Amino acid sequence: MMNIILLGAPGAGKGTQAEKICESFHIPQISTGNIIRAAMKNGTEAGKKAKAFVDAGQLVPDEVVIEMVDERLKQDDCKNGFILDGFPRTVPQAEALEQMGVQIDAVIDIEVPDEVIMQRLGGRRCCLHCGATYHISWNPPKVEGVCDKCGEELSIRKDDKPETIAERLRIYHSQTKPLEDYYKGRHKLHEVEGNRPVEAVTADVLSALRSLSPLEA
Ligand code: ADP
Ligand code: ADP
Ligand code: ZN
């Protein structure tokens with residue numbers, strides 16, 4: 001049983017590292033960004049509520065996201081653990097998670113300076129079908145423009161343009177950053193230096209998790 005939260009700025013590498021943890025620990029990646037983009041694509045009620053916020057680089061209202069996560073965590077595949085990627089992003093979201101009775105084993109905080117974030121998000125390519133992420137220079141797919149995992153075409157996220165990135169970073173610093181102290185106070189926070197090659201970051205993330213649960217991976 002391993003319930004993990006990945007914390008970090010937009011573009012810190014949460015999605016990228018979540019994919020690696022999934023492979024090692026065989027627990028699902030729950031990305032609120034991916035769930036919201038799927039809801040928008042399918043035109044659901046929640047997707048319609050979310051769209052204007054996502055496109056403007058702002059956070060979707062807490063109650064909408066909390067409801068999505070609550071439903072997702074009730075599914076069977078979460079029984080042996082899960083990786084929350086992009087949730088919680090505000091203190092009220094973290095409190096809601098506690099109120100759901102969810103125990104968290106570790107919060108991995110991936111630290112990357114703002115200057116690097118701009119370059120990362122500028123070169124990001126995403127698979128809207130399976131949620132995998134790539135970077136044109138630093139983490140390219142085997143075939144340009146095509147997802148390694150599912151073969152679908154890759155796209156550029158509409159919110160990965162410079163003006164929107166700046167707004168997302170501003171919101172990260174004001175709303176999400178306080179979660180570091182929140183989880184430090186609960187003795188759950190593990191800080192990882194994220195401004196290194198993907199493999200180096202993964203090695204630190206996995207060793208932090210294995211030290212908590214040596215039997216699982
Ligand atoms: P990032 O690459 O910035 O970490 P995500 O894919 O996690 O982006 O999220 C994309 C967008 O979806 C966010 O900018 C926000 O509008 C919305 N979103 C995702 N997760 C949350 C959340 N926990 N609370 C509010 N909004 C969220
Ligand atoms: P997040 O989920 O935190 O928004 P992603 O995992 O989508 O971040 O990563 C953002 C971009 O940076 C992607 O294009 C990804 O391929 C790239 N990336 C992720 N980790 C690294 C790393 N350690 N070094 C260089 N590029 C990275
Ligand atoms: Zn894919």
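The shown structure was predicted, so the numbers you read here are calculated from the model rather than taken from an experiment. As the structure lists them, so they are numbered: ligands from 1, and atoms in each ligand from 1. Residue numbers start at 1 and run along the sequence shown.
- In terms of modelled atom types and a separation under 3.5 Å, the side chain of D70 and the main chain of I66 share no donor-acceptor contact.
- Close approach to T32 involves these atoms of ligand 1, each under 4.0 Å from a residue heavy atom: 19 (C), 20 (N), 21 (C), 23 (N).
- The minimum heavy-atom distance between H173 and P178, with the atom names listed, is O-CD, 4.1 Å.
- In A9, the part holding a heavy atom less than 4.0 Å from any atom of ligand 2 is the backbone.
- Taking the side chain as every heavy atom from C-beta outward, I110 and L7 never approach each other to under 4.5 Å.
- With a heavy-atom cut-off of 4.0 Å, V54 touches ligand 1 through backbone and side chain alike.
- Using a 4.0 Å cutoff on heavy atoms, G8 does not count as a contact of ligand 2.
- The closest protein non-hydrogen atom to atom 10 (C) of ligand 1 is R157 NH2, 3.4 Å.
- Ranking the protein heavy atoms by distance from atom 17 (C) of ligand 1 puts I36 CD1, 3.7 Å first.
- Counting heavy atoms from C-beta outward, S137 and Q119 have side chains that stay 4.5 Å or more apart.
- Residues K74 and E71 have side chains not in contact (no heavy-atom distance under 4.5 Å, counting atoms from C-beta outward).
- Counting atoms of ligand 2 from 1 in the listed order, those under 4.0 Å from a heavy atom of T16 are 5 (P), 6 (O), 9 (O), 15 (C), 19 (C).
- Close contacts between ligand 2 and N139 involve ligand atoms 16 (O) [criterion: under 4.0 Å to a heavy atom].
- Of the options V112, D204, T202, a side-chain contact (heavy atoms from CB on, under 4.5 Å) to V192 is made by D204 and by none of the others.
- Residues D159 and T164 bring no donor and acceptor atom of their side chains to less than 3.5 Å of each other.
- Using a 4.0 Å cut-off between charged nitrogen and carboxylate oxygen, E193 and R196 do not count as a salt-bridge pair.
- Closest to atom 8 (O) of ligand 2 among all protein heavy atoms lies G13 N, 3.1 Å.
- Counting atoms of ligand 1 from 1 in the listed order, those under 4.0 Å from a heavy atom of R168 are 1 (P), 2 (O), 3 (O), 8 (O).
- For ligand 1, one of its N or O atoms has an N or O atom of G86 under 3.5 Å away.
- The residue among R37, R124, Q58 with a heavy atom at the shortest distance from atom 13 (C) of ligand 1 is Q58.
- The option with the heavy atom closest to atom 27 (C) of ligand 2, from among H135, R196, R120, is R120.
- A salt bridge between D160 and R168 is present, with a side-chain N of the basic residue lying under 4.0 Å from a carboxylate O of the acidic one.
- Residue P10 places no N or O, backbone or side chain, under 3.5 Å from any N or O of ligand 2.
- Of all the atoms in ligand 2, the ones that sit under 4.0 Å from a non-hydrogen atom of A12 are 3 (O), 8 (O).
- The residue Q17 has no part lying near ligand 2, judged by heavy-atom distances below 4.0 Å.
- Residue-level proximity to ligand 1 for V65 is carried by the side chain, the only part with a heavy atom below 4.0 angstrom.
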Open item on the list: Determine whether H26 and N80 satisfy the following criterion, side chain to side chain donor-acceptor pair (under 3.5 Å), listing intermediate values before the conclusion.
Closed with: CA-CA 9 Å; H26 308 289; N80 297 321; over 6 Å; no

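- Heavy atoms of other residues, nucleotides or ligands lying less than 6.0 angstrom from CD of E144 number 12 at most.
- Proximity of a side-chain donor or acceptor of K14 to a complementary backbone N or O of A9 within less than 3.5 Å is detected.
- Within the 4.5 Å cutoff, the side chain of K20 has heavy atoms near those of the V198 side chain.
- Between V60 and ligand 1, a contact under 3.5 Å exists for at least one N or O pair.
- Of all the atoms in ligand 1, the ones that sit under 4.0 Å from a non-hydrogen atom of K14 are 4 (O).
- In E153, the CD atom is not crowded: 12 or fewer heavy atoms of neighbouring residues, nucleotides or ligands sit closer than 6.0 Å.
- With a 4.0 Å cut-off on non-hydrogen atoms, V198 touches ligand 2 through its backbone as well as its side chain.
- By the criterion of a heavy-atom distance under 4.0 Å, the backbone of P197, and not its side chain, is placed next to ligand 2.
- At the shortest separation from atom 25 (C) of ligand 2 among protein heavy atoms lies W138 CB, 3.6 Å.
- Side-chain atoms of Q103 and N3 include no donor-acceptor pair closer than 3.5 Å.
- For the pair R170 and Y172, the NZ or CZ position fails the cation-pi test of under 6.0 Å to the six-membered ring centre and within 45 degrees of the ring normal.
- Ligand 1 has a nitrogen or oxygen under 3.5 angstrom from a nitrogen or oxygen of R89.
- Within ligand 1, the atoms closer than 4.0 Å to a non-hydrogen atom of Q93 are 22 (C), 23 (N), 24 (N), 25 (C), numbered from 1 in the order shown.
- When only non-hydrogen protein atoms are considered, atom 14 (O) of ligand 2 lies nearest to Y134 O, 2.7 Å.
- Counting only distance, with no hydrogens or angles, the side chain of R124 and the backbone of H135 share no donor-acceptor pair below 3.5 Å.
- For the Zn ion (ligand 3), protein N, O or S atoms closer than 2.8 Å were enumerated as C127 SG, C130 SG, C147 SG, C150 SG, with waters left out.
- A donor-acceptor pair under 3.5 Å is absent between the side-chain atoms of D109 and the main chain of H190, judged by distance alone.
- I171 places none of its side-chain heavy atoms less than 4.5 Å from the side chain of R89.
- For ligand 2, one of its N or O atoms has an N or O atom of G11 under 3.5 Å away.
- Residue G15 has at least one heavy-atom neighbour below 4.0 Å for each of these atoms of ligand 2: 1 (P), 2 (O), 6 (O).
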